[in-house]
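Each ligand, and each atom within it, is numbered from 1 in the order the structure gives. Atom set for the values below is all heavy atoms of this structure, side chains included, hydrogens, waters and symmetry mates excluded.
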Amino acid sequence: MDEGKYRVCPVELAGSLDNRFRRWFQNPQKILGPYVKEGMTVLDLGCGPGFFTVEIARMVGESGRVIASDLQEGMLQKLKGKIAGTELEKRIILHRCQKDRIAVSEVVDFVLAFYMVHEVQNQEAFFKEIGSLLHPLGQVLVVEPPFHVSKTAFEETLRIAQSAGFTLVECPKIPLSKAVILRKG
Ligand SMILES: C[S@@+](CC[C@H](N)C(=O)[O-])C[C@H]1O[C@@H](n2cnc3c(N)ncnc32)[C@H](O)[C@@H]1O
């Protein structure tokens with residue numbers, strides 16, 4: 001297996017994932033507004049330092065939950081520091097997953113996998129596991145970076161997701177991205 005191909009974004013680069021510049025061209029409210037509603041349970045997979053998690057927590061409101069899941073404890077700690085002492089703390093569950101297992105036990109209404117699927121080695125097992133924890137009417141937003149994920153690699157990810165039981169719903173236009181919305185069945 002070519003480990004380098006699946007290199008995980010280091011914690012030292014967390015600052016480049018959460019800043020004002022990014023918010024300007026990838027506004028979480030604009031991107032997620034059509035899909036994330038009050039009261040939902042949302043899984044932010046590969047949440048990193050929580051650029052999307054914090055806004056999702058605002059969008060789901062007091063009755064909703066965000067499971068912020070990442071492989072790296074350092075990323076979860078950055079997010080923990082950001083929400084400490086705020087009202088959002090109660091809505092965000094920090095979850096450390098394993099390299100080959102998400103291991104979330106709750107049923108979720110929406111899954112966000114932003115700029116992370118190319119870091120997952122076994123995408124087949126990954127999508128099957130997402131299918132097992134997604135609500136029957138739930139949706140998954142997969143977003144990949146435009147340059148180091150080629151058109152061919154993205155199409156391969158989509159093929160794997162489809163063979164794991166997902167159907168393509170739409171291809172939302174998100175700046176600096178290749179993106180798809182998937183549903184089960
Ligand atoms: C490029 S960062 C993107 C972070 C965040 N989604 C964003 O857009 O700001 C990718 C993140 O995915 C995490 N990651 C990589 N493989 C993972 C896996 N198998 N399960 C969970 N998280 C993973 C990394 O630790 C890293 O924090």
Lys/Arg-Asp/Glu bridge criterion (N-O < 4.0 Å) met for [X], [Y]:
| X | Y | result |
| --- | --- | --- |
| Glu155 | Arg159 | no |
| Asp109 | Lys37 | no |
| Asp18 | Lys82 | yes |

| Val66 vs Ile93 side-chain heavy atoms within contact, under 4.5 Å |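 When only atoms from C-beta onward are counted, Ile93 and Val66 do not touch, as no gap falls below 4.5 Å.
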[atom]: the protein heavy-atom neighbour that sits closest, reported with distance to 0.1 Å:
| atom | result |
| --- | --- |
| atom 21 (C) of ligand 1 | Cys97 SG, 3.0 Å |
| atom 4 (C) of ligand 1 | Gly46 O, 3.2 Å |
| atom 1 (C) of ligand 1 | Tyr115 O, 3.3 Å |
| atom 7 (C) of ligand 1 | Arg22 NH1, 3.5 Å |
| atom 3 (C) of ligand 1 | Phe114 O, 3.7 Å |
| atom 27 (O) of ligand 1 | Asp70 OD2, 2.7 Å |
| atom 19 (N) of ligand 1 | Lys99 O, 3.4 Å |
| atom 15 (C) of ligand 1 | Glu119 OE1, 3.0 Å |

With atoms numbered from 1 as shown, which atoms in ligand 1 lie under 4.0 angstrom from a non-hydrogen atom of [X]?
| X | answer |
| --- | --- |
| Met75 | 27 (O) |
| Val120 | 19 (N) |
| Gly48 | 4 (C), 27 (O) |

| message | Would Phe52 count as a contact residue for ligand 1, given that I'm defining contact as a non-hydrogen atom of the residue lying under 4.0 Å from a ligand atom? | response | yes
| Which distance, rounded to the nearest 0.5 Å, do you find between the NZ of Lys151 and the NZ of Lys178? |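 Spacing of NZ (Lys151) from NZ (Lys178) equals 9.0 Å.
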| message | For Gln26 and Tyr115, which I'm curious about, is there any donor-acceptor pair between the side chains at under 3.5 Å? | response | yes
| Would you say the side-chain atoms of Ser63 and Glu38 include a donor-acceptor pair closer than 3.5 Å? | no
Ligand 1 to [X] polar contact by distance, N or O atoms, under 3.5 Å:
| X | answer |
| --- | --- |
| Val8 | no |
| Gln98 | no |
| Gln72 | yes |

| said: Quick one, Leu112 with Leu43, criterion side-chain contact (heavy atoms from CB on, under 4.5 Å). Give me CA distance, side-chain angles, the key distance, then yes/no. | reply: CA-CA 6 Å; Leu112 175 66; Leu43 173 59; over 6 Å; no
| Just wondering, are more than 12 heavy atoms of other shown residues or ligands nearer than 6.0 Å to CD in Glu124? |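 Atom CD in Glu124 is not packed in, count stays at 12 or less.
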| message | So if I apply the side chain to side chain contact (heavy atoms under 4.5 Å, CB included) rule between Phe114 and each of Ile174, Asp44, Leu17, Leu45, which one comes out positive? | response |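 Testing each of Ile174, Asp44, Leu17, Leu45 against Phe114, the sole residue satisfying side chain to side chain contact (heavy atoms under 4.5 Å, CB included) is Ile174.
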| Applying a 4.0 Å heavy-atom criterion (strictly less than), which segment of Pro49 is in contact with ligand 1: side chain, backbone, both, or neither? |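 The answer is neither; Pro49 stays 4.0 Å or more away.
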| Closest to atom 22 (N) of ligand 1 (judged by heavy-atom distance), picking from Leu112, Leu76, Leu71 |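 Residue with the shortest heavy-atom distance to the ligand atom: Leu71.
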| Which of the listed options, Arg101, Met116, Arg96, His95, holds the heavy atom that is closest to atom 23 (C) of ligand 1? | Met116
| request: Measure the acute angle between the ring planes of His148 and His118, then classify it against the limits of 30° and 60° as parallel, tilted or perpendicular. | output: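 Aromatic pair His148/His118 classed perpendicular.
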